[in-house]
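Working notes, structure below.
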Amino acid sequence: MDRPVVALENADAVYDYYLSHQQNRRVARLAYGALAGRFRPRVHYGVGARERLRSLIYDDSRLIVAVNHVSDTDPYTVAAAAWSSALRPVIGRTRVLAKDELFVETEPGRTRGRAIAERTSQRRRIDMMGGIPVFRGKDHGLRAAARAGNLMMDVCAERLRRGDDLALFPEGTCNEGDPTVLQHVGSGIGHIVARARAKGVDPTLVVMGLHYGPPPGRYRGASVHIDVPDLTLPEKPITIARTVAEYLQVAVELSVREY
């Protein structure tokens with residue numbers, strides 16, 4: 001299937017494509033490794049989180065990884081952290097929600113001496129990372145983006161059912177205020193979990209707090225705190241979102257403390 005143009009008016013074709021798109025896992029692993037060498041995140045874990053994460057992956061449990069959003073480089077930091085952590089085995093079978101404007105077809109520049117993750121077009125880079133586009137209400141208007149949002153959540157739930165994991169930034173936009181305080185977490189993550197459950201899948205929450213240090217911040221050597229709360233997520237989407245916000249805020253505070 002040809003890659004469709006990622007545009008709101010083309011949402012049906014876009015989500016049909018990303019319902020089954022699969023990047024080359026070997027290339028993805030090479031790219032994530034290159035990003036780890038470039039960004040060099042410092043990964044820390046909550047008590048017992050590394051062992052619990054390894055056990056969940058060994059048991060082939062589905063994961064939904066919630067990350068705070070403080071910089072445009074966050075997707076690359078998260079990729080680097082995945083390579084540098086117990087999440088490495090899920091590289092290549094994790095879908096990552098990303099705003100639609102990242103799925104642009106730009107031409108690569110000179111390739112000599114550049115890392116593998118930078119030698120392709122912007123669209124191919126985000127596809128290689130397992131991206132699924134999100135048409136945000138703040139960019140397209142709430143009413144116009146609502147139907148596309150429903151399609152996106154259906155695709156996420158189905159990908160979880162098919163054996164993929166999911167990573168997302170539940171704040172929905174970069175935090176331009178205090179990076180130590182989480183922004184509002186919308187109900188989107190709750191609706192994805194609810195739809196996955198309707199398909200017989202009950203994903204486990206993993207929270208990842210990112211901190212780059214005091215302004216202006218260094219995008220290398222970020223502090224990353226990973227935790228796997230020992231809980232069953234609630235039933236209602238809005239309550240799921242509140243629970244995610246509670247645990248993610250703690251992970252953010254610990255990433256600051258561990259910087």
Side-chain angles (χ1 to χ4, degrees), residues 6 8 11 14-15 18 62-75 77-78 94-103 126 130-160 164-199 201-211 225-229 231-253 255:
V6 175
L8 182 60
V14 168
Y15 289 117
Y18 285 102
R62 300 282 63 78
L63 308 176
I64 186 161
V65 184
V67 190
N68 64 309
H69 199 3
V70 290
S71 164
D72 287 339
T73 65
D74 289 346
T77 301
V78 171
T94 300
R95 305 303 109 200
V96 183
L97 297 188
K99 57 186 177 181
D100 63 293
E101 63 191 61
L102 294 177
F103 292 77
I126 203 73
I132 293 176
V134 179
F135 298 98
R136 302 183 300 178
K138 64 173 288 186
D139 299 324
H140 301 281
L142 292 175
R143 182 173 297 179
R147 180 175 176 277
N150 273 307
L151 292 173
M152 177 271 295
M153 290 186 282
D154 284 342
V155 167
C156 290
E158 178 60 19
R159 294 303 300 242
L160 286 164
D164 287 341
D165 298 314
L166 183 67
L168 72 165
F169 301 96
E171 295 164 284
T173 188
C174 260
N175 188 344
E176 297 179 350
D178 184 350
T180 69
V181 178
L182 201 66
Q183 301 174 105
H184 173 70
V185 171
S187 61
I189 188 170
H191 285 288
I192 291 171
V193 170
R195 295 181 192 204
R197 283 173 170 166
K199 293 177 176 287
V201 178
D202 197 1
T204 297
L205 174 66
V206 178
V207 290
M208 182 184 292
L210 306 182
H211 185 64
H225 184 90
I226 298 174
D227 203 0
V228 186
L231 83 161
T232 300
L233 288 169
E235 293 298 322
K236 295 182 179 180
I238 189 64
T239 315
I240 293 172
R242 289 170 182 161
T243 302
V244 171
E246 176 185 345
Y247 282 95
L248 183 53
Q249 178 62 56
V250 173
V252 170
E253 292 171 3
S255 72

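- A side-chain contact (heavy atoms from CB on, under 4.5 Å) with R95 is found for exactly one of L160, V155, L166, D165, namely L166.
- Here S71 pairs with T73, D74, Y212, Y219 under the side-chain contact (heavy atoms from CB on, under 4.5 Å) rule; sequence neighbours left out.
- Contact between R197 and I240 at its shortest, heavy atoms only, is NH1-CD1, 4.0 Å.
- With sequence neighbours excluded, the residues forming a side-chain contact (heavy atoms from CB on, under 4.5 Å) with P229 are L205, V207, L231, Y247, listed by chain and number.
- Applying the side-chain hydrogen bond (donor to acceptor under 3.5 Å, both in side chains) test to residues at least two apart or on different chains, the pairs with a partner in residues 133-154 are D12-R147, D100-H140, R136-D139, K138-T173, N150-R195, D154-R195.
- With sequence neighbours left out, F103 forms a ring-ring contact (aromatic ring centres under 6.0 Å, His included) with Y18.
- At a threshold of 4.5 Å between non-hydrogen side-chain atoms, the residues S255 and L210 do not count as touching.
- For H225, there are no ring-ring contact (aromatic ring centres under 6.0 Å, His included) partners at least two apart in sequence or on another chain.
- When all heavy atoms of A66 and I189 are compared, the pair lying nearest together is CB-CD1, 4.2 Å.
- Closest approach of L233 to P203, counting heavy atoms only: CD1-O, 4.2 Å.
- When atom types are taken as modelled, the side chain of R62 and the backbone of D164 share a donor-acceptor pair closer than 3.5 angstrom.
- Contact record, I132 with C156: CD1-SG, 4.5 Å, taken as the closest heavy-atom pair.
- Using a distance-only test at 3.5 Å, with no hydrogens or angles considered, no donor-acceptor pair links the side chain of N68 to the main chain of L248.
- In terms of the ring-ring contact (aromatic ring centres under 6.0 Å, His included) criterion, residue partners of H69 (sequence neighbours excluded) are, by chain and number, F169.
- Remark: side-chain polar atoms of Q249 are paired, donor with acceptor, to backbone N or O of T180 under 3.5 angstrom.
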